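Atom set for the values below is all heavy atoms of this structure, side chains included, hydrogens, waters and symmetry mates excluded. Since the model is a prediction, treat every value here as computed from it, not as a measurement.
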Amino acid sequence: QLSLDATVTPYPGLRLTPEILYTSRFADFLVTNTGFPGPIGFAREGTVFNLTLTYDVRPKLQLFADAKNLGNSHFEPASGYAIPGPSFLAGVRAGF
């Protein structure tokens, strides 16, 4: 598995963090389409792209947006368990 990410600050207080996760083929206990155990084989490789945006409104107060699987990858980290499609989460983080 290979992971690559970077943090870019295009504006003071704003951070963009793209992330690419790549998993090559690997040996796995396969599951048939009917849900029964199959032979040991190789799972397909997969790539997942995520993006996080964070904005510091003031000290100890942040707005954030987190997007997962933006490329709608159907990668299965374990046979029969595909990762969810694209998802988005946004919110506020506050410290005391």
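Between Leu63 and Val57, some side-chain heavy-atom pair lies under the 4.5 Å cut-off. When side chains are defined from C-beta on, Leu4 does not count as touching Tyr22, because their heavy atoms never get closer than 4.5 Å. Side-chain contact between Thr17 and Leu51 is absent, with no heavy atoms from C-beta onward closer than 4.5 Å. Val8 is listed as a side-chain neighbour of Pro10, based on a closest heavy-atom distance under 4.5 Å.
In terms of modelled atom types and a separation under 3.5 Å, the side chain of Asn50 and the main chain of Pro18 share no donor-acceptor contact. Ser73 places a side-chain N or O within donor-acceptor distance of the main-chain N or O of Phe75, the cut-off being under 3.5 Å. The main-chain N or O of Leu21 is never found under 3.5 Å from a side-chain atom of Ser3 such that the two would form a donor-acceptor pair.
One hydrophobic cluster, built from ILVMFWY side chains closer than 4.5 Å, cannot hold both Tyr11 and Leu16; they sit in different ones.
Here the closest non-hydrogen pair linking Asn72 and Pro86 is OD1-CD, 3.2 Å. Of all the heavy atoms in Pro77 and Tyr81, the pair that sits closest is CD-O, 3.2 Å. Minimum heavy-atom separation, Leu70 to Ala67: CD2-CB, 3.6 Å.
Legend: salt bridge (Lys or Arg N to Asp or Glu O under 4.0 Å) pairs involving residues 27-42, not counting sequence neighbours: none detected. Residue pairs meeting the salt bridge (Lys or Arg N to Asp or Glu O under 4.0 Å) criterion with at least one member in residues 64-81, sequence neighbours excluded, are Asp66-Lys68.
Checked against side-chain hydrogen bond (donor to acceptor under 3.5 Å, both in side chains), Arg15 has the following partners two or more places apart in sequence or in another chain: Asp56.
Taking the centre and axis of the six-membered ring of Phe64, the NZ or CZ atom of Arg93 falls inside the cone set by 45° and 6.0 Å.
Using modelled atom types, one finds a donor on one side chain and an acceptor on the other under 3.5 Å when comparing Gln1 with Thr23.
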Subject >> Verdict with reasoning, Ile20 to Val48, per side chain to side chain contact (heavy atoms under 4.5 Å, CB included) >> reply: CA-CA 6 Å; Ile20 297 174; Val48 179; over 6 Å; no

